Amino acid sequence: MANPFKDLGELQRDIETYLRRNRTAMYNNSKRISDFFEMACYNNIVRFYENNDYEVSLKNLKNNKFVYKTTTAGNPENYSYFEVKRKVGNIDLIFEIRHNINVQSFHTNDTFTTPDICIIKPNSILIDTTFYANATRYFYIKNRSLISFCEVKNFNPYPELLFSYIGIVNELRPYLLTLRRSTNNKHIASSLMISGKSNSHTDRIIANLQSRYHINILCDLFNIGGVTFGRNSFRRVKTV
């Protein structure tokens, strides 16, 4: 089994190269390898939208630096994000690619979970001052403002991880649990992004889940992340 843990310096260089191409710099707010892998996956989602003819722009820079939100806590206004825009006829379709945003359940209004990466409608983040007993502000989006989401795991894939991801899909986007065709809307379908390489058993599970559900399970992204989201292969990724 391949080691999923890439050299921290190499991963940081990958992130900085991408942001340098976008004329900004990375604010180094994390030293954990899992956070850097999450940043790399976030950048790959942005590449997916670039390759699908979206115009990409950086938003909410801090001192001309891009600040990743690598924590589930905190005010989203203190962090940067990417905006993606695509013209359809005379209409500009605009979306935000956000990091660690609390999302309302599809089934109930008072429960939430926090995917690692979300594609959301613009200006949709709300504040609730009654969520906590001490009136601390809770930042979230309504379920209808969620376009798609991705979970990022810096592990080698294993059965319990794969099956637990299906539970998150059921909570946020249960209609993906029926097999659908990819669409021309060109939003990435809900995806589980894993750093490590799968073995023969998890390969069978992944093939089975992807044949039943309209989801992506992407493994070995430390080694082939650039290929998976590159111009020659990104169309293999399911869309919604």
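Owing to the predicted nature of the structure, the values given are computational and were not obtained by experimental measurement.
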Check step by step if side chain to side chain contact (heavy atoms under 4.5 Å, CB included) holds for Ile127 and Asn75.
-> CA-CA 10 Å; Ile127 301 173; Asn75 183 348; over 6 Å; no
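- For the pair Ile125/Asn123, no side-chain contact is recorded, criterion being any heavy-atom separation below 4.5 Å from C-beta on.
- The side-chain heavy atoms of Tyr18 and Arg47, taken from C-beta on, include a pair separated by under 4.5 Å.
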Can Leu146 and Ile141 be said to form a side chain to side chain contact (heavy atoms under 4.5 Å, CB included), step by step?
-> CA-CA 7 Å; Leu146 177 69; Ile141 64 167; 4.1 Å; yes
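- Side-chain contact between Gln104 and Asn109 is present, with at least one heavy-atom pair separated by less than 4.5 Å.
- At distances below 3.5 Å, at least one donor-acceptor pair connects side-chain atoms of Ser195 with backbone N or O atoms of Phe155.
- Between atom CG of residue Asn60 and atom CG of residue Asn78 there is a gap of 8.0 Å, rounded to the nearest 0.5 Å.
- Counting all heavy atoms, side chain and backbone alike, Thr228 lies closest to Val237 at O-CG2, 4.3 Å.
- Residues Thr239 and Ile188 are not in side-chain contact: their nearest non-hydrogen atoms beyond the backbone lie 4.5 Å or more apart.
- Taking both residues in full, the closest heavy atoms of Ser190 and Tyr165 are given as OG-OH, 2.8 Å, listed atom of the first, atom of the second, then distance.
- In this structure, Pro76 and Arg98 approach most closely via the heavy-atom pair O-NH1, 3.8 Å.
- When only modelled atom types and interatomic distance are considered, Ser211 and Asn208 share no side-chain donor-acceptor pair under 3.5 Å.
- Side-chain atoms of Thr70 and Tyr79 form no donor-acceptor pair, as typed in the model, at a separation below 3.5 Å.
- For the pair Ile101 and Pro115, the tightest heavy-atom approach, listed with the atom from each and the gap, is O-CD, 3.5 Å.
- For His187 against Phe48, the heavy-atom pair with the smallest separation is C-CE2, 4.0 Å.
- Side-chain atoms of Leu162 and Ile194, non-hydrogen and from C-beta on, do get closer than 4.5 Å to each other.
- For Phe66 and Phe82, the ring centers sit closer than 6.0 Å to each other.
- Residues Asp220 and Asn223 bring a donor and an acceptor atom of their side chains to less than 3.5 Å of each other.
- At distances below 3.5 Å, at least one donor-acceptor pair connects side-chain atoms of Asn51 with backbone N or O atoms of Phe229.
- Applying the salt bridge (charged side-chain N to carboxylate O under 4.0 Å, His left out) criterion to Asp53, with sequence neighbours excluded, gives Lys186.
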Please test Glu38 against Ser34 for side chain to side chain contact (heavy atoms under 4.5 Å, CB included), starting from the C-alpha separation and ending with a verdict.
-> CA-CA 6 Å; Glu38 191 173 304; Ser34 58; over 6 Å; no
Would you check, one step at a time, whether the test salt bridge (Lys or Arg N to Asp or Glu O under 4.0 Å) holds for Lys153 with Glu151?
-> CA-CA 7 Å; Lys153 299 300 179 187; Glu151 283 290 292; 3.7 Å; yes
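- His201 and Tyr158 are not linked by any side-chain donor-acceptor pair at a separation below 3.5 angstrom, with hydrogens and angles left out of the test.
- The side-chain heavy atoms of Phe36 and Asn154, taken from C-beta on, include no pair separated by under 4.5 Å.
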Asn100/Asp116 under side chain to side chain contact (heavy atoms under 4.5 Å, CB included): CA gap, chis, key distance, verdict = CA-CA 5 Å; Asn100 286 304; Asp116 295 310; 3.9 Å; yes
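- For the ring-ring contact (aromatic ring centres under 6.0 Å, His included) condition, the pairs that include at least one residue of residues 98-122, sequence neighbours left out, are Tyr42-His99, Tyr68-His99, Phe112-Phe131, Phe112-Tyr138, Phe112-Tyr140.
- Remark: Glu50 engages Arg21 in a salt bridge, criterion side-chain N to carboxylate O under 4.0 Å.
- In this structure Asn143 satisfies the side-chain hydrogen bond (donor to acceptor under 3.5 Å, both in side chains) test together with Arg173, sequence neighbours excluded.
- Side-chain atoms of Lys238 come within 3.5 Å of backbone atoms of Tyr213 as a donor-acceptor pair (strictly under, hydrogens ignored).
- Taking both residues in full, the closest heavy atoms of Cys219 and Pro157 are given as SG-CG, 3.9 Å, listed atom of the first, atom of the second, then distance.
- A distance of 8.5 Å separates OG1 in Thr71 from CG in Asp35, rounded to the nearest 0.5 Å.
- Although no hydrogens or angles enter the test, the distance criterion places a donor-acceptor pair under 3.5 Å between the side chain of Gln210 and the main chain of Ile217.
- Side-chain atoms of Asn216 do not come within 3.5 Å of backbone N or O of Leu218 as any donor-acceptor pair.
- In this structure a side-chain-to-backbone donor-acceptor pair under 3.5 Å is present from Lys121 to Arg144.
- Looking only at side-chain heavy atoms (C-beta outward), Leu61 and Thr24 come within less than 4.5 Å of each other.
- The distance between the ring centers of Tyr175 and His214 does not fall below 6.0 angstrom.
- Taking 4.5 Å as the limit, some side-chain heavy atom of Ile166 sits within range of a side-chain heavy atom of Leu209.
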